[in-house]
Number of protein chains: 2
Amino acid sequence: MSSVGLERDYVQSLSRGLTVLQAFNADRPAMTLADMSRATGLTRATARRLLLTLVALGFVCTDGRTFELTPRVLDLGFAYVSSLQLPDIAQPFMEALSDRVHESVSASVLDGAEIVYVARVNTQRIMGISLAIGSRLPAAWTSMGRVLLAGLNDDQLDTFLDGLVMTELTSQSITDVAVLRTEIHAVRSQGYAFIDQELEEGIRSVAAPLHDRRGRTLAAVNVGTHAARVTLKELRGTILPDLLATARNIESQLAKR
Amino acid sequence: MSSVGLERDYVQSLSRGLTVLQAFNADRPAMTLADMSRATGLTRATARRLLLTLVALGFVCTDGRTFELTPRVLDLGFAYVSSLQLPDIAQPFMEALSDRVHESVSASVLDGAEIVYVARVNTQRIMGISLAIGSRLPAAWTSMGRVLLAGLNDDQLDTFLDGLVMTELTSQSITDVAVLRTEIHAVRSQGYAFIDQELEEGIRSVAAPLHDRRGRTLAAVNVGTHAARVTLKELRGTILPDLLATARNIESQLAKR
DNA sequence: CCGCAAATGTTCGCATTGCGCACACTCGTG
DNA sequence: CACGAGTGTGCGCAATGCGAACATTTGCGG
């Protein structure tokens with residue numbers, strides 16, 4: 001999948017409208033016209049027209065002074081999840097796996113330098129990170145990210161690594177490009193990836209790829225644990241085989257679509 | 001919150017662009033220009049410009065023939081959840097409650113005639129319905145919907161009931177407007193709502209309102225169970241008090257913001 | 001309380017941006 | 001291979017969206 005864009009085929013009004021929609025966040029849940037104008041760099045008149053359009057469409061509401069998002073905006077986001085098909089198919093398998101291993105199970109896809117969660121079965125076990133559908137984490141330091149990166153071809157992987165900003169998230173994090181490349185090549189041949197406290201102290205996980213009918217990696221599924229609770233040995237010996245079997249089951253269901 | 005809209009202040013291009021974005025779904029995960037033109041009623045030239053703009057913005061990708069949504073679209077949806085603040089605050093309380101009662105706990109808000117899930121703690125208990133953030137259910141036949149409707153003023157409730165299409169989802173469903181109004185008034189005075197197999201056979205739940213500082217109902221929180229597992233007596237006697245206490249705790253945290 | 005300046009919200013003339021018609025290209029069938 | 005149907009695209013033009021300027025509101029100081 002590549003990107004295409006030409007100036008004459010670019011609808012500035014749509015772009016500006018989406019900029020307005022994305023200006024709302026946790027720090028600015030409600031905004032006046034002038035707030036929005038400052039936040040987006042658009043003139044007040046333009047911000048007003050776009051906000052009033054979003055109000056008319058039901059994505060934003062107003063008391064006549066401030067504007068806020070409505071729950072209808074969630075429908076925009078969930079068009080992606082519903083168009084993906086994977087979450088519905090994978091959910092029952094992931095729930096069964098989580099039942100057996102008593103840990104959280106997640107599925108994600110690769111988006112740029114990040115993984116994006118598209119399905120999740122959570123346990124109420126203490127975990128440092130709170131994750132939900134739509135959550136993003138850096139691909140390079142997550143088990144699912146390693147599996148997804150292993151599914152890229154060499155050109156794509158080179159491009160990814162060229163643009164990667166090495167970050168030391170924990171003392172265990174890989175911070176050398178060559179080491180990371182070697183690790184991803186190892187994941188490619190073994191068919192799964194472990195992360196041991198590279199993303200966050202105390203967090204340990206294992207991931208497997210989900211392939212489509214043509215053998216391309218389209219998503220990853222993982223089991224996330226806490227290092228104080230599950231040893232690497234248990235992760236490798238007990239959980240990994242179950243995870244790999246679950247991934248194969250999901251794939252065969254996907255192949256029927 | 002009310003809606004405002006004037007023709008001169010309506011940006012047709014933004015509206016059309018969002019129509020294109022919403023045309024993707026489970027039945028049409030990938031579309032050609034011509035598919036999109038048919039799905040939206042826009043000319044092929046217009047559909048092309050809008051799709052190419054969405055590609056340039058990263059919300060849609062293309063192989064040169066078909067167009068598909070990218071995970072970036074999820075960010076649009078999650079602007080709402082992150083701007084709401086409630087999910088982050090409520091999640092730990094909901095997890096603790098779910099741990100104690102061993103059932104699913106959810107929070108939702110009212111959007112038109114539906115509730116929309118904004119937070120959820122799931123157990124791997126057998127439930128007929130698969131729910132996630134963004135999921136929608138009819139307000140009139142859900143415990144959280146009843147609680148949210150009880151928080152409307154009389155004019156708002158009249159408007160809601162006037163527009164409601166009575167539906168018999170199960171043999172237990174309320175199908176008479178007067179009965180439903182009486183039930184909502186009862187919920188208003190008692191401060192919680194039960195649903196007993198009105199939404200789906202076998203599903204039983206209890207919900208409590210979450211109020212803001214001014215006492216307005218801004219969301220609802222509930223415990224969902226299976227009728228085969230939890231009697232009404234248990235729901236009322238054991239789970240409801242815990243739920244009400246949890247709602248109060250969440251409210252006092254919200255009041256600090 | 002009043003005056004004034006700053007900030008915010010809105011109208012409308014106009015030109016630029018987005019539109020769709022018509023052409024170019026591709027695909028499928030006889 | 002020819003032809004018709006279907007699909008994708010370029011470009012002239014006017015409709016749509018723009019922002020300058022005006023109207024209204026707010027906040028501060030005397």
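In what follows, chains carry the letters A, B, and so on, assigned in the order in which the sequence lines appear, proteins first and then strands, with residues in each chain numbered from 1. Hydrogens, waters and symmetry mates are skipped; everything else that's a heavy atom, side chains included, is used.
- The nucleotide whose nearest atom lies closest to any side-chain atom of B:Ala34 is, among C:dT8, D:dT7, D:dG19, D:dT7.
- For the residue pair B:Ser15 and B:Tyr10, a side-chain donor N or O sits within less than 3.5 Å of a side-chain acceptor on the partner.
- A:Arg38 places its CZ atom 16 Å from the P atom of C:dA6, with the value rounded to the nearest Å.
- Of the side-chain N and O atoms in A:Arg65, none sit less than 4.0 angstrom from OP1 or OP2 of C:dT8.
- If you check every strand for non-hydrogen atoms under 4.0 Å, A:Thr32 touches sugar and phosphate atoms only.
- Taking atom CG of B:Leu42 as the reference point, atom P of D:dT7 lies 16 Å away to the nearest angstrom.
- Annotation: the span from A:Met144 atom CE to A:Ser108 atom OG amounts to 3.5 Å, rounded to 0.5 Å.
- In this structure, CZ of B:Arg8 is placed 16 Å from C1' of C:dG9, rounded to the nearest angstrom.
- For residues 12-22 of chain A, proximity to DNA chain C is found at A:Gln12, A:Ser13, defined as any non-hydrogen atom under 4.0 angstrom from a strand atom.
- Applying the ring pair (Phe, Tyr, Trp, His ring centres under 6.0 Å) rule to B:Phe93 yields no partners; only residues at least two apart in sequence or on another chain are considered.
- Side chains of A:Asn222 and A:Ser143: a donor-acceptor N/O pair is present below 3.5 angstrom, by distance only.
- Here the closest non-hydrogen pair linking A:Val147 and A:Ala208 is CG1-C, 3.7 Å.
- Between the OH atom of A:Tyr10 and the P atom of D:dG17 there is a distance of 16 Å, given to the nearest Å.
- Distance, B:Leu52 CG to D:dT7 P: 17 Å, rounded to whole Å.
- The salt bridge (Lys or Arg N to Asp or Glu O under 4.0 Å) analysis of residues 73-85 of chain B, with sequence neighbours excluded, yields the pairs A:Arg136-B:Asp75.
- A donor-acceptor pair shorter than 3.5 Å can be found between the side chains of A:Arg120 and A:Ser106.
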Dump every N/O contact between nucleotides 26-28 of chain D and the protein below 3.5 Å, one line per pair.
none

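- For the pair B:Arg72 (side chain) and B:Leu57 (backbone), a donor-acceptor distance under 3.5 Å is present.
- One interatomic measurement links the two molecules: CG of B:Asp35 to C1' of D:dG6, which rounds to 11 Å at whole-angstrom precision.
- Atom CE in A:Met36 sits roughly 15 Å away from atom C1' in C:dG9 (whole-Å rounding).
- Between the side chains of B:Asn249 and B:Thr246, not a single donor N or O lies within less than 3.5 Å of an accepting N or O.
- Judged by distance alone, with hydrogens and angles left aside, A:Arg48 brings no side-chain donor or acceptor close enough to the base of D:dG19 to form a pair under 3.5 Å.
- The residue among A:Arg49 and A:Leu33 whose nearest nucleotide of DNA chain C lies closer to the 5′ end is A:Leu33.
- The CD1 atom of A:Ile115 sits 3.5 Å away from the OG1 atom of A:Thr142 when rounded to the nearest 0.5 Å.
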Under-3.5 Å N/O pairs linking protein and nucleotides 21-27 of chain C:
none

Pairs of donor and acceptor atoms involving the side chains of residues 158-165 of chain B, under 3.5 Å and at least two apart or interchain, shall be tabulated with distances.
| unit_1 | atom_1 | unit_2 | atom_2 | d |
| --- | --- | --- | --- | --- |
| B:Asp158 | OD1 | B:Arg181 | NH1 | 2.7 |
| B:Thr159 | OG1 | B:Asp155 | O | 3.0 |

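- Counted by atom type alone, A:Arg49 and A:Thr46 present one or more donor-acceptor pairs between their side chains at under 3.5 Å.
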